[in-house]
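Here is the structure we will look at, set down as structure tokens.
Chain identifiers are assigned alphabetically (A, B, ...) following the order of the sequence lines, protein sequences preceding nucleic acid strands; residue numbering begins at 1 within each chain.
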Amino acid sequence: MRIATWNINSVRLRINRVAEFAKANDPDVICLQETKVMDDLFPLEAVQEMGYPHVAISGMKSYNGVAILSRVPLKDVQRQEWCGKSDCRHISAVLPGGIELHNFYVPAGGDEPDREKNEKFGHKLDFLDEMNEWFPANRTTRKKMVLVGDLNIAPLETDVWSHKQLLKVVSHTPIEVEKLGNVQDSLNWTDAVRHFIPEDEKLFSWWSYRARDWDTSDRGRRLDHVWVTPPLKKTLKGATVLRDQRGGEKPSDHVPVMVDFDL
DNA sequence: ATGGTGGCTTTGCCA
């Protein structure tokens with residue numbers, strides 16, 4: 001079983017890129033974020049043509065939006081509200097074998113890392129607190145779960161191009177890293193990507209559009225994650241970050257992250 | 001200290 005997560009930054013604009021990615025990498029499940037489309041305009045036909053008959057979507061006009069495209073049946077699809085907002089930042093479904101898959105798009109948090117001056121940063125911190133409360137209140141470490149998505153935080157020093165220069169930049173501030181760490185600790189989640197790629201190796205999944213040359217300057221961050229609960233840890237078989245997807249015509253600013261399981 | 005790009009929709013918002 002191969003599960004992929006990808007912030008696609010408009011699924012309609014990049015549906016052909018998704019199709020090419022699926023053909024080349026053959027993931028069983030593709031979790032998308034920032035689909036930026038209402039459900040009735042979602043390119044369902046194209047997704048089914050590429051071999052994903054089971055689709056769960058939660059989208060809105062212009063912003064946010066998440067989707068799960070699957071070759072295997074999806075059960076018990078749920079769309080959770082966070083911070084009292086219906087802003088399409090979460091969808092979950094149960095895969096065969098009773099594995100619960102959660103797909104998140106955590107708020108980016110704006111530019112200023114101070115909740116007094118920037119309410120978007122406050123929203124992000126509150127969102128993380130709510131995740132940290134919801135999981136232990138509603139699930140246990142014994143449940144088979146996969147949590148994926150654009151969490152908009154690069155927790156490790158090697159998850160950013162310069163730890164020192166990003167300490168006050170939203171996505172790598174100590175308070176965000178601490179709160180994400182609390183979520184991770186709450187159900188003893190394993191970072192499935194760092195399970196395979198050593199922590200002393202720089203690893204990014206996002207590069208800004210604003211760089212003159214994203215590849216040469218390589219000022220990236222690892223914002224996209226795949227976590228698993230303890231019962232799935234031994235089933236982990238590999239992890240891949242598809243850096244090449246940042247290149248070519250009209251890329252997303254994020255690249256796909258894939259994790260393989262032997263279930 | 002600033003501005004750089006991209007998507008969607010609007011002439012600004014969000015990332």
N/O (side chain, [X]) to phosphate O (OP1/OP2, [N]) under 4.0 Å:
X        : N      : answer
A:Arg210 : B:dT2  : no
A:Arg89  : B:dC14 : no
A:Lys250 : B:dG6  : no

Exercise for the section: List the steps and the verdict of side chain to side chain contact (heavy atoms under 4.5 Å, CB included) for A:Ser171 and A:Asn152. Expected result: CA-CA 6 Å; A:Ser171 72; A:Asn152 264 315; 5.8 Å; no
Side chain of [X], heavy atoms from C-beta onward: which of [options] has the nearest atom to it?
X        : options               : result
A:Lys120 : B:dT9, B:dA15, B:dC13 : B:dA15
A:Ser62  : B:dC13, B:dC8, B:dG4  : B:dC8
A:Tyr209 : B:dC14, B:dT9, B:dG6  : B:dG6

Handout entry: A:Arg243/A:Asp218 salt bridge by N-O under 4.0 Å criterion
Key =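 Between A:Arg243 and A:Asp218 there is a salt bridge, with a charged N closer than 4.0 Å to a carboxylate O.
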Practice task
Select base, sugar-phosphate, or nothing to describe what A:Arg219 touches, counting heavy atoms under 4.0 Å on all strands.
Solution key: nothing
Problem - Distance, P atom - from B:dG6 to B:dA1, rounded to whole angstrom - result: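 After rounding to an integer number of Å, I get 27 Å for this pair.
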Exercise for the section: Could you work out the separation of B:dG7 and B:dT2 based on their C1' atoms and round it to a whole Å? Expected result: 23 Å
Using whole Å, what does the distance between atom [atom2] of nucleotide [N] and atom [atom1] of [X] come to?
X        : N      : atom1 : atom2 : result
A:Lys61  : B:dC13 : NZ    : P     : 16 Å
A:Asp213 : B:dG4  : CG    : P     : 18 Å
A:Glu119 : B:dC14 : CD    : C1'   : 13 Å

Practice task
Look at the rings of A:Phe127 and A:Phe104 and say which category their plane angle falls in: under 30° parallel, 30 to 60° tilted, over 60° perpendicular.
Solution key: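 Plane angle over 60°, so perpendicular.
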Handout entry: Between A:Lys36 and A:Asn9: side-chain donor-acceptor atoms closer than 3.5 Å
Key =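 The criterion, which ignores hydrogens and geometry beyond distance, is satisfied for A:Asn9 and A:Lys36.
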Problem - 5' priority, DNA chain B, between A:Ala108 and A:Thr35 [closest heavy atom] - result: A:Thr35
